[in-house]
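Each chain gets a letter, A, B and so on, in the order its sequence line appears, and its residues count up from 1. All figures in this text were calculated on a predicted structure; none of them were measured in a lab.
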Number of protein chains: 4
Amino acid sequence: MTRKPAKAATPPAARANAKANSHAGEDAVPASSRATRAAERRAAIVDAAMEEFIARGFAATRLDDIAKRAGVAKGTIYLHFKDKESMFEELVRTVIVPVVTRLTALPPPAGSVRDLVEAFASNFLKEVIGTRRGDLVRLIVAEGPRFPSVADFYYREVVSRGISAMRALIELGIARGEIRQKNLAHYPQILVAPAMIAVIWQSLFARHAPLDAQDMLRVHLDLIFGERSTT
Amino acid sequence: MTRKPAKAATPPAARANAKANSHAGEDAVPASSRATRAAERRAAIVDAAMEEFIARGFAATRLDDIAKRAGVAKGTIYLHFKDKESMFEELVRTVIVPVVTRLTALPPPAGSVRDLVEAFASNFLKEVIGTRRGDLVRLIVAEGPRFPSVADFYYREVVSRGISAMRALIELGIARGEIRQKNLAHYPQILVAPAMIAVIWQSLFARHAPLDAQDMLRVHLDLIFGERSTT
Amino acid sequence: MTRKPAKAATPPAARANAKANSHAGEDAVPASSRATRAAERRAAIVDAAMEEFIARGFAATRLDDIAKRAGVAKGTIYLHFKDKESMFEELVRTVIVPVVTRLTALPPPAGSVRDLVEAFASNFLKEVIGTRRGDLVRLIVAEGPRFPSVADFYYREVVSRGISAMRALIELGIARGEIRQKNLAHYPQILVAPAMIAVIWQSLFARHAPLDAQDMLRVHLDLIFGERSTT
Amino acid sequence: MTRKPAKAATPPAARANAKANSHAGEDAVPASSRATRAAERRAAIVDAAMEEFIARGFAATRLDDIAKRAGVAKGTIYLHFKDKESMFEELVRTVIVPVVTRLTALPPPAGSVRDLVEAFASNFLKEVIGTRRGDLVRLIVAEGPRFPSVADFYYREVVSRGISAMRALIELGIARGEIRQKNLAHYPQILVAPAMIAVIWQSLFARHAPLDAQDMLRVHLDLIFGERSTT
DNA sequence: TATGAATGAGTGTTCATTCAT
DNA sequence: TATGAATGAACACTCATTCAT
């Protein structure tokens with residue numbers, strides 16, 4: 001087990017500038033008030049922490065590395081988070097919430113149920129599978145047992161909501177005659193299972209055998225809704 | 001985050017006895033040769049290590065706790081394993097191999113493909129889901145990225161084999177007309193996905209909402225093979 | 001070992017008001033000039049620092065707590081003191097000097113030597129024993145070895161002067177026949193010893209066993225001057 | 001404030017040898033069993049810790065320095081003590097108890113009360129004043145408020161016992177007519193005050209003005225018992 | 001002048017690994 | 001072979017001090 005902060009996608013210094021610049025076209029830090037700066041720093045810490053936690057897991061991540069990657073001093077982390085544990089917990093919340101928000105902002109329920117589900121899957125594909133957010137899911141699976149509060153939060157905010165939404169869709173599909181298998185409504189997990197598998201696969205086995213997640217999800221939907229005649 | 005070695009499957013007391021005996025009968029090791037004793041110790045260490053690694057993850061597990069749980073001295077571990085990392089790696093091999101062996105020892109290919117798959121699923125249910133072995137799968141998902149060699153091993157010995165076997169079954173099912181959906185053969189992952197989800201669910205969310213894995217798998221097979229006429 | 005700033009004599013709220021006011025009345029500082037304000041701030045810092053140093057000792061005291069208690073920002077302390085060490089040193093001077101001044105302002109040398117000594121003891125009782133100043137003495141005893149300059153200062157300004165004054169009184173008492181024991185003049189420490197013990201006792205053991213310092217000092221003086229016939 | 005481990009009276013290496021040698025005249029470590037070695041190490045740690053705590057106080061003492069001075073690794077300290085605080089507390093107990101034992105082993109109560117008191121004072125002079133033990137008393141005065149358990153222990157084991165013993169002696173003296181001042185029995189502190197002052201003086205002001213503690217105590221006893229006719 | 005966010009050296013504590021017994 | 005005391009590198013967290021505002 002080597003111990004390098006791993007390649008930072010964006011070097012700290014560069015990123016500070018990037019952030020500052022993103023506000024104004026100047027070189028100075030004109031438009032950023034005290035509060036803004038603080039928020040930026042916090043965001044930088046959250047980003048860095050996510051990278052490191054994903055790469056090494058909670059216990060093996062060093063705050064030193066997070067600080068270095070975020071381009072702040074070690075002490076600065078403690079201005080934003082009580083300790084390593086609560087940083088991890090808040091981090092998960094911070095990152096998960098907007099994803100959930102975006103995913104649950106379903107497109108207008110026009111068209112067939114299959115269209116709805118496909119829209120959702122497409123969103124999921126873009127927003128989660130193969131992204132940092134996907135890795136975060138794997139991280140939660142990994143650390144869940146040691147962070148009951150995280151597992152609870154994840155179950156409450158993501159899993160149970162997702163299950164409910166899926167069940168609603170399935171029932172709609174059954175009512176409309178798009179789905180034959182009535183029992184499916186009891187196990188919405190079946191509907192999402194391949195998507196979850198895709199997430200984990202990309203994290204673990206992408207380099208052994210790439211997986212065309214989009215196509216796989218299509219095949220799975222064919223299984224549930226019947227193969228599309230045209231397409 | 002608490003820090004207790006958790007209930008030891010084999011109480012340390014056992015070890016006290018062992019000691020006492022070796023003392024009483026001079027040097028004699030009645031029913032077990034030197035080599036056997038060594039193998040027993042190694043097995044005890046492997047068991048203890050698995051418990052601890054599953055409960056805390058690699059980085060957070062203390063060798064002290066493993067030793068205590070195994071009923072050996074800390075130094076003894078180093079007589080069997082080079083270091084913590086290789087212990088983890090060997091441990092995974094040691095535990096995974098017999099499971100794979102047992103799972104791949106499929107019953108004679110009599111009967112329908114669905115029967116074959118169901119036999120397999122039933123085995124998997126009994127041997128993996130909700131067991132220590134299931135937790136081990138979660139552990140591999142968790143630690144995989146930090147242990148490429150483990151991920152490699154797991155992919156080679158379990159995943160790729162499993163995928164191949166599933167693909168063969170699917171193709172057989174298609175050939176025999178039991179499975180309609182031809183594309184399924186491209187993504188055997190779909191066949192296993194609910195089983196994997198069940199494994200993870202039991203590890204993480206069983207206490208939030210219990211999952212009847214067996215029934216879920218049945219529904220899933222209905223989806224693939226069509227609902228059973230009689231049941 | 002707990003870590004609470006302890007009850008602040010002057011609540012931080014005071015400071016909020018101060019701020020609010022300075023805001024309301026533009027820049028005006030009604031009843032106190034700039035310089036006065038600065039002096040007040042300095043005094044607040046000294047008071048707060050004394051409380052904290054007495055409660056925790058030099059090393060364990062946090063400037064943060066001093067600032068909070070004084071109702072100023074941490075940086076403000078550095079406008080008045082070079083660093084923590086010199087703050088401690090100046091603090092001792094600042095607090096000690098007026099006490100010495102008041103104590104040495106002996107009442108007119110009328111009456112017997114015993115009356116003089118009693119007046120002095122009475123003063124000491126009121127000004128030192130069981131007060132913050134008494135705790136400061138204990139603090140000096142505690143930190144003396146690590147702050148030679150403080151020990152030096154204390155010896156020079158308090159101890160040696162006190163010893164001289166006591167010796168003078170003793171010699172006067174011997175000359176006037178009030179004190180029998182001639183050798184006492186060699187060890188004026190004996191005269192003050194019970195007073196010092198009282199100071200320390202109140203700091204450390206008051207809650208185990210209260211001590212009537214006044215009565216003890218009276219008994220001690222009886223020992224030196226002989227018991228009072230009347231009274 | 002400089003930060004040097006201060007001069008170790010006996011350098012670590014030398015001392016380990018000395019200890020080992022004290023057992024046999026050889027160079028090896030023949031006579032020291034595992035347990036003996038452990039006890040020696042613990043003693044070395046206690047000694048080193050006492051030096052450092054006395055020199056710097058609790059908070060400012062670094063475990064690194066204690067370890068270095070004791071000639072052990074930092075981790076070794078934690079084999080003997082739970083943490084810094086309990087090390088300090090146990091240290092005080094460890095050092096105080098034998099002193100109390102020796103001091104309370106009074107010589108046979110033959111002769112006058114004054115003889116008894118003088119014997120006691122002489123013991124105290126030899127065992128405490130101007131020794132490490134004396135410094136320890138100052139340390140307790142210094143840290144008492146932050147270590148209630150230490151203050152409690154000290155009060156219980158040393159102060160209250162000492163006060164009782166002194167009171168008994170005083171009452172005996174009064175009964176035998178050696179002591180005139182009856183009230184003295186209410187304040188045995190007066191009897192010990194100069195001894196305590198001597199302890200503190202040696203710690204703080206010895207270099208400013210040396211104090212002949214023995215002579216001072218003699219003068220003080222003269223005050224209480226009357227001057228000795230012959231001397 | 002006053003602030004308090006930011007810094008980073010410093011320290012108590014843990015724990016994988018070694019090795020004398 | 002087995003032990004567990006000893007080691008010391010590593011790491012989370014603190015806090016005196018600085019400095020942009």
Checklist entry - Between Asp83(C) and Val72(D), who's closer to the 5' end of DNA chain F by nearest nucleotide? => result Val72(D)
Checklist entry - Lys84(A) or Ala73(D): which one's nearest nucleotide on DNA chain F is closer to the 5' end? => result Ala73(D)
May I have the distance from [X] (atom [atom1]) to [N] (atom [atom2]), rounded to whole angstrom?
X: Glu40(D); N: dA6(F); atom1: CD; atom2: C1'; answer: 15 Å
X: Arg42(A); N: dA6(E); atom1: CZ; atom2: P; answer: 12 Å
X: Asp64(C); N: dA16(F); atom1: CG; atom2: P; answer: 8 Å
X: Met87(B); N: dA16(E); atom1: CE; atom2: P; answer: 9 Å
X: Arg37(A); N: dA6(E); atom1: CZ; atom2: C1'; answer: 10 Å
X: Ile66(B); N: dT17(E); atom1: CD1; atom2: C1'; answer: 14 Å
X: Phe58(D); N: dT11(E); atom1: CZ; atom2: P; answer: 14 Å
X: Lys68(D); N: dG8(F); atom1: NZ; atom2: C1'; answer: 12 Å

Item to check | Base-paired stems that DNA chain F participates in, counting runs of 3 or more Watson-Crick or G-U pairs under 3.5 Å | outcome: E:2-21 with F:2-21
Of all residues at least two apart in sequence or in a different chain, which pass the salt bridge (Lys or Arg N to Asp or Glu O under 4.0 Å) check with [X]?
X: Asp64(B); value: Lys74(B)
X: Lys84(A); value: none
X: Arg42(D); value: Glu90(D)

Checklist entry - Among all residues two or more places apart in sequence or in another chain, which pass the ring pair (Phe, Tyr, Trp, His ring centres under 6.0 Å) test with Phe88(B)? => result Phe53(B), Phe58(B), Phe147(B)
Checklist outcome for this item: CG (Asp83(C)) and CD (Glu89(C)) are apart, to the nearest 0.5 Å, by 8.5 Å
Next on the checklist: Here's a test for you: under side-chain hydrogen bond (donor to acceptor under 3.5 Å, both in side chains), which of Arg69(A), Arg62(A), Lys68(A) qualifies with Glu52(A)?
Outcome noted: Arg69(A)
Checklist entry - Less than 3.5 Å between a donor and an acceptor, one on the side chain of Lys74(B) and one on the base of dT17(E), is that the case here? => result yes
Next on the checklist: So if I take residues 75-82 of chain C and measure heavy-atom distances to DNA chain F, which residues fall below 4.0 Å?
Outcome noted: Tyr78(C)
Next on the checklist: Is there a side-chain contact between Arg62(A) and the phosphate of dC13(F), meaning an N or O under 4.0 Å from OP1 or OP2?
Outcome noted: no
Checklist entry - Is Arg41(C) near enough to dA2(E) that one of its side-chain N or O atoms lies under 4.0 angstrom from OP1 or OP2? => result yes
Checklist entry - Run the side chain to side chain contact (heavy atoms under 4.5 Å, CB included) check on Leu63(C) and Tyr78(C) step by step: do they pass? => result CA-CA 10 Å; Leu63(C) 291 196; Tyr78(C) 287 85; 3.1 Å; yes
Next on the checklist: Can you confirm whether Glu143(A) sits close enough to Val92(A) that some side-chain heavy atom of one is under 4.5 Å from a side-chain heavy atom of the other?
Outcome noted: no
Next on the checklist: Quick check: do Asp65(A) and Arg56(A) have side-chain heavy atoms less than 4.5 Å from each other?
Outcome noted: yes
